[in-house]
Amino acid sequence: MEISKTYESGKAEEKWYAHWMEKGYFKSVPDDREPYTVVIPPPNVTGVLHMGHMLNNTIQDVLVRRARMLGKNACWVPGTDHASIATEAKVVQKLRQEGIKKSDLTRDEFLKHAFEWKDKHGGIILEQLKKLGASCDWDRTNFTMDPEYSESVIDVFIDLFKKGKVYRGVRMVNWDPEALTALSDEEVIHKEVNSKLFYVRYKIAGSEDQWLTIATTRPETILGDTAICINPNDERFKNLHGKQAIVPIANRTIPIILDDYVDMEFGTGCLKVTPAHDTNDYELGKKHGIETIDIFHDNGTLNAHGMHYDGMDRFEVRKAIEKELYDKGYLVKTEDHINKIGFSERTNAVIEPKLSLQWFVDMKELSQPALDNVMNGNIRFHPEKFKNTYRHWMENIKDWCISRQLWWGHRIPAWYFGSGADEFVVSKTLEEAVKLATEKSGRAISADELRQDEDVLDTWFSSWLWPISVFNGLTDPGNKEITYYYPTNDLVTAPEIMFFWVARMIIAGYEYMDELPFKNVYYTGIVRDKLGRKMSKSLGNSPDPLDLITQYGADGVRMGILISSPAGNDLPFDSSQCEQGRNFTNKIWNAYRLVSSWEAKDIEQPKSSVVAIDWFESKFNKALLEINDLFDKFRISEALMAIYKLVWDDFCSWYLEMIKPGYEQPIDHKTLESTKNFFEQILKLMHPYMPFVSEELWHLIRERKEGEDIIVAAWPTVSVINEELLSQFEIAEEVITNIRNVRKQNNIASKVKMELLVKKNGELNTGFDAVIVKMGNLSLLEYRSEKVGNANSFLVRSNEYFIPFGEAVDLEAEQNKLQEELDYTKGFLVSVQKKLQNEKFMAGAPDQVVAMERKKEADALEKIAILEEKIGALKV
RNA sequence: GCUCGUUUAGCUCAGUUGGUUAGAGCAAUUGAUUUACAUUCAAUAGGCCGUAGGUUCGAGUCCUACAAUGAGCACCA
């Protein structure tokens, strides 16, 4: 059968993914094996696959596939989260295009549209993961708004309410005027922007022409001013103590208050106080009992307090009021100013601090075990440096605003029976609410009188239960699955969501399972383009992952992503890395073509093959030991590099060349059999990274019975490592490299056979001679007791090698080469001798180190003697 | 502003408790090729280990300061 010259990824990928699915290899059910559990960081239902997902999920798949081969019961749970704000925005936008306004729909009608949208688009990303080869147990696919999952979210809300950890209160929240909802602090991104500082003068009440000047970045909030604040120690303004000022335009008289919060250095030293629209002003207002005037509608336009600006957008008003202030002589000057402004993570709208009644989680006590167990190493972070960031956040944790003024999500199970702040109950069902409300109010309350809270919960308030609720650990506590799979093993995620998600999962884990949710957290970096910019849809600098897969094959892309992706560091991505990956799949494919072309006959096994097999066995085992260790340390990309070198350099470039029979010559049975065994072993090591090509070749290299697939083959175990043999090979390798150099320097074609004569000065094992003859294409390898004249020569570990000159030879070049080596060795000797002559070194260094230096000295001296002799000989 | 990282070859990174004159992959350069693979092979070159001090017999590694850079947190209108 003619085998294609290159590996054809597309066909193999389709075939083997279907095969794995059909055989149910991704499926996991509890049994008596050790479980290995990973829960996917659930992507948004609105999302499409991007490079960040590719990186993240490739790593998870590598871990899961290796665990499966290690004989563990591997379970990778996939799923999506409902992404309240993003999804609701998408659905609203889609409806708008169809001419439907959200405000014209009832809640139920809207949710019907939203679920339709979710069913149609919500699974796209999971389908795309299949193309990558992700070995998730798809039967376990979860969604944060699945009925049972939702139940657990509501239960947790009620439970925390009962424990007094969830409360309702008026607070200054981050208001997103576009999404019309409150946000948690974590959802606000502060960015530096160029703005203006407006200097505005306020008349002192009761004076004819006395003024004070404030500086503000937000002149539109002047209409909401209810005080002016100055520092009591500010000598400049002693005359203002006890006075009042008149707000421009509004003509309202407001008090001048004293507080050392005011920085005398900044601006003018006079601060206007707008308690409704600034967090610090709010605190000041509370402290001094100042009136609060809210001048904004929820959508960021001004309300009736905005007077003639009623209905106009806040940024329009800023421009208009600047003009009005100027025209009326209030505006003293404006200055350019850089400050930081909060933006909504989801809608990018400028956040408006706003007073409102919201639900909060009291985090202080809840978070304590989550902090302790990361710091003491019960939960391990990779890389460890993220522990610092984590600790910093956890030690300064604030209460979590969990209500969102949206419809898409888990509706808050609070029921109101009056307008008083305390006239509500929290319960799972309406019936229960009726009962509780009746008890609480002391009067009979009917179902009709109860209004359920309109708001839904923050999406993270559901995803923090992910490792528990995907196994129904809360709705069906102690069930077989949660007992078996929880705690999960490894979580792979981005550092960006350490607080949003990781910290909160740990909190929920300890609160509800009394145990950690996962043992290891592996933080991936950000995927960046060549210019170092984060890859993003808005920049358009991200390649389409599916195009990459078509172009380079899933295996090639997987390798391209992982080859330069150390944990926690950013991944500077370039598609040339995928090219390297594709080349690697092709390399192993062609190695197979070579092996498959050999015909085995009953012939004697060459000596070179015997030694090659012994050597590779040790080499393989040594590499395996290292690779296992790298995996244990989560050094995923270094493990890949070690596998890459083992396969390409050691197996293909050295081993196969050593045992390769002559052109169209047969091979002996023993060598072929060993080679096929080695081939199987390296395919196994490759499998977690390159599942498709390894499965394809696994089936080509030998006939397989039903169920003998590499995906479930046993990961190799470490056996013999003959260090002595490995170091002998290193000598042989050096000899062969030297022979190649002689050829190159003298322009001797590699097919021309040469002679090699050796003068043995020290210990030399001849075990690899047959290999040297073969790899060096020698006609002769002989030992001599005397130097050989008229020859190219080189030195390996104090033994001298001679290749007799065939014809013309560059004597000068030969001499230069020797001189260079001599200079280096002399320099080396000096540095060693310096140490040995240093009394302090001799006194301070351990014996072992001194002995090593002595040996170095002796070796260098011997080498120098030989080199000098050789140079002398050449000159004659 | 505070906290924590990072800084080693053109690029991306290793470099263990301080102990050979610092390594890898990619890129570069030179050469090879009717024999598994030009998606190949062989070889070569490339480093004041961010800067300045200090500790030590000995520092890429430990300490101090500074610089550059990144992340997190907090923000002054």
Side-chain angles (χ1 to χ4, degrees), chain A residues 3 5-7 185 190 197-198 214-218 221 229 261-263 265-274 278-281 337 339-340 383 385-393 396 495-496 498-499 526 530 552 556 563-566 568-572 574 576-577 579-580 582-598 635 637-638 641-642 644-645 648 652-653 656-657 660 662-665 736-737 740-741 743-745 747 749-751 824-825 827-828 830-832 834-835 838-846 848-850 852-853 855-856 859-860:
Chain A
I3 310 165
K5 265 189 122 170
T6 51
Y7 167 61
D185 293 343
H190 292 273
L197 203 50
F198 299 84
I214 58 94
T216 180
T217 52
R218 302 198 61 193
T221 63
C229 190
Y261 160 77
V262 176
D263 180 351
E265 306 296 317
F266 189 88
T268 61
C270 293
L271 170 71
K272 74 184 204 63
V273 183
T274 321
D278 183 282
T279 318
N280 297 305
D281 289 10
H337 179 68
N339 64 342
K340 280 196 171 175
K385 64 178 179 184
F386 287 113
K387 277 168 84 169
N388 283 323
T389 317
Y390 180 83
R391 186 184 60 215
H392 191 254
W393 189 77
N396 297 289
E496 296 149 67
M498 191 191 305
F499 311 131
I526 294 167
K530 268 185 183 169
Y552 300 105
I563 195 71
S564 69
S565 181
N569 272 15
D570 288 355
L571 161 60
D574 187 336
S576 71
Q577 289 159 218
E579 210 174 305
Q580 196 187 343
R582 183 199 53 194
N583 294 354
F584 188 41
T585 56
N586 194 53
K587 183 72 187 175
I588 190 73
W589 177 261
N590 274 289
Y592 163 71
R593 279 182 68 211
L594 175 66
V595 173
S596 73
S597 72
W598 293 335
R635 303 178 80 150
S637 114
E638 282 175 65
M641 182 59 82
Y644 177 78
K645 285 200 275 191
W648 197 306
C652 294
S653 297
L656 288 179
E657 294 298 332
K660 188 168 155 183
Y663 184 53
E664 293 191 329
Q665 297 294 306
I736 292 162
T737 299
R740 285 173 178 162
N741 278 332
R743 282 186 190 279
K744 187 169 178 181
Q745 279 155 16
N747 271 320
S750 55
K751 54 187 167 188
Y824 176 88
T825 314
F828 178 68
V830 168
S831 81
V832 172
K834 247 191 224 160
K835 277 187 210 171
N838 185 332
E839 278 169 36
K840 285 179 181 167
F841 171 79
M842 297 304 282
Q848 200 193 339
V849 174
V850 175
M852 218 159 67
E853 294 300 318
K855 177 155 193 324
K856 280 191 231 163
D859 288 350

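Distance noted for atom C1' between B:C62 and B:U17: 12 Å (whole Å). Separation of the P atoms belonging to B:A24 and B:A42 is 14 Å when rounded to the nearest angstrom. Comparing B:U7 with B:G50, their P atoms are spaced 8 Å from each other, to the whole Å. Comparing the C1' positions of B:G25 and B:U8 gives a spacing of 15 Å, expressed to the nearest Å. Taking atom P on both nucleotides, B:C63 is separated from B:A27 by 38 Å, rounded to a whole Å. For the C1' atom pair drawn from B:C49 and B:G15, the interatomic distance equals 10 Å after rounding to whole Å. Separating the P atom of B:A71 from that of B:U55 is a span of 37 Å, rounded to the nearest Å. Distance check on atom C1': B:G58 versus B:U44 gives 33 Å, rounded to whole Å.
The side chain of A:Trp393 places no N or O atom within less than 4.0 Å of a non-bridging phosphate oxygen (OP1 or OP2) of B:A74. For the OP1/OP2 pair of B:A74 and a distance below 4.0 Å, the side-chain nitrogens and oxygens of A:Asn396 include no atom meeting the criterion. The phosphate of B:A36 (OP1 or OP2) has a side-chain N or O of A:Lys660 nearer than 4.0 angstrom. Considering only side-chain N and O atoms, A:Arg582 lies nowhere under 4.0 angstrom from the phosphate OP1 or OP2 of B:U39. Between A:His190 and the phosphate of B:C73, there is no side-chain N or O to OP1/OP2 separation shorter than 4.0 Å. Between B:C26 and A:Tyr644, a contact under 4.0 Å exists linking OP1 or OP2 to a side-chain N or O. For A:Lys272 and B:A77, the shortest distance from a side-chain N or O to OP1 or OP2 is not below 4.0 Å. Considering only side-chain N and O atoms, A:Arg635 lies nowhere under 4.0 angstrom from the phosphate OP1 or OP2 of B:A24. Applying the 4.0 Å criterion to OP1 and OP2 of B:A27, one finds that A:Ser576 has every side-chain N and O outside that range.
Using N1 to N3 plus N6-O4 or O6-N4 for Watson-Crick, or N1-O2 and O6-N3 for G-U wobble, each under 3.5 Å, B:U29 pairs with B:A43. When both distances must be under 3.5 Å, the Watson-Crick or G-U wobble mate of B:U20 does not exist. Of the nucleotides present, B:G70 is the one that pairs with B:C4 by Watson-Crick or G-U wobble criteria, both distances under 3.5 Å. The nucleotide B:A59 finds no pairing partner, because no Watson-Crick or G-U wobble arrangement with both distances shorter than 3.5 Å includes it. Both distances falling under 3.5 Å, in either a Watson-Crick or a G-U wobble arrangement, occur for no nucleotide opposite B:U34. For B:A65, the paired base is B:U51 (Watson-Crick or G-U wobble, both distances below 3.5 Å).
Nearest-nucleotide assignment on RNA chain B puts the 5′-proximal partner with A:Gly827, out of A:Lys645 and A:Gly827. Nearest-nucleotide assignment on RNA chain B puts the 5′-proximal partner with A:Arg391, out of A:Arg391 and A:Gly662.
Note on A:Ser597: nothing from the nucleic acid sits closer than 4.0 angstrom, heavy atoms only. Using a 4.0 Å heavy-atom cutoff across all strands shown, A:Asn838 reaches sugar-phosphate atoms only and no base atom. Within the 4.0 angstrom heavy-atom criterion, no nucleotide atom of any strand lies near A:Pro383. In this structure, A:Ser750 reaches neither bases nor backbone, as no heavy-atom distance under 4.0 Å exists between it and the strands shown. A:Cys652 comes within 4.0 angstrom of a base, heavy atoms only. Across all strands, A:Asn747 comes closer than 4.0 Å to no nucleic acid atom at all (heavy-atom distances).
Computed from coordinates, the A:Asn741 CG to B:C41 C1' distance equals 14 Å when rounded to whole Å. Atom pair A:Glu496:CD and B:C73:C1' shows a separation of 16 Å (rounding to whole Å applied). One interatomic measurement links the two molecules: CZ of A:Phe584 to C1' of B:U39, which rounds to 13 Å at whole-angstrom precision. A:Leu594 places its CG atom 14 Å from the C1' atom of B:C41, with the value rounded to the nearest Å. Atom NZ of A:Lys744 and atom P of B:U44 are 8 Å apart (whole Å). Taking atom CG of A:Asn583 as the reference point, atom P of B:A36 lies 19 Å away to the nearest angstrom. Put simply, CH2 on A:Trp598 is 12 Å from C1' on B:U35, counting in whole angstrom units. A:Leu656 places its CG atom 11 Å from the P atom of B:A36, with the value rounded to the nearest Å.
Taking the side chain of A:Gln580 as heavy atoms from C-beta on, and the options B:C57, B:C26, B:A36, the nearest nucleotide is B:C26.
The shortest heavy-atom contact between A:Pro572 and A:Ser564 is CD-O, 4.1 Å. Closest of all the heavy-atom pairs between A:Leu656 and A:Val595 is CD2-CG2, 4.1 Å. Nearest approach of A:Arg218 to A:Lys272, heavy atoms of both residues: O-CE, 3.9 Å. Residues A:Glu496 and A:Ile526 approach most closely at OE2-CG1, 3.8 Å, considering heavy atoms. Between A:Val262 and A:Gly269, the closest heavy-atom pair is CG1-O, 3.4 Å.
Side-chain N or O atoms of A:Asn590 include none that pairs as donor or acceptor with a backbone N or O of A:Thr6 at under 3.5 Å.
We find the CZ-CD1 distance between A:Phe198 and A:Ile214 to be 10.5 Å, quoted to the nearest 0.5 Å. Taking CD from A:Glu579 and CG from A:Asp574, the interatomic distance works out to 9.0 Å, rounded to the nearest 0.5 Å.
For A:Glu657 and B:A42, a side-chain-to-base donor-acceptor distance below 3.5 Å is absent, hydrogens and geometry of angles not being considered. Taking only distance into account, the side chain of A:Lys835 never meets the base of B:C57 through a donor-acceptor pair shorter than 3.5 Å.
Taking the six-membered ring where the residue is Trp, A:Trp648 and A:Phe584 present parallel rings, their angle staying beneath 30° rather than reaching 60°.
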- Note on the structure: Counting primed atoms, P, OP1 and OP2 as sugar-phosphate and everything else as base, the B/S/- map of nucleotides 5-13 of chain B against protein heavy atoms under 4.0 Å is S------SS

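Residues A:Gln577 and A:Leu571 form a side-chain contact, since some pair of their non-hydrogen atoms from C-beta on lies under 4.5 Å apart. The closest side-chain heavy-atom distance from A:Glu853 to A:Lys856 is below 4.5 Å.
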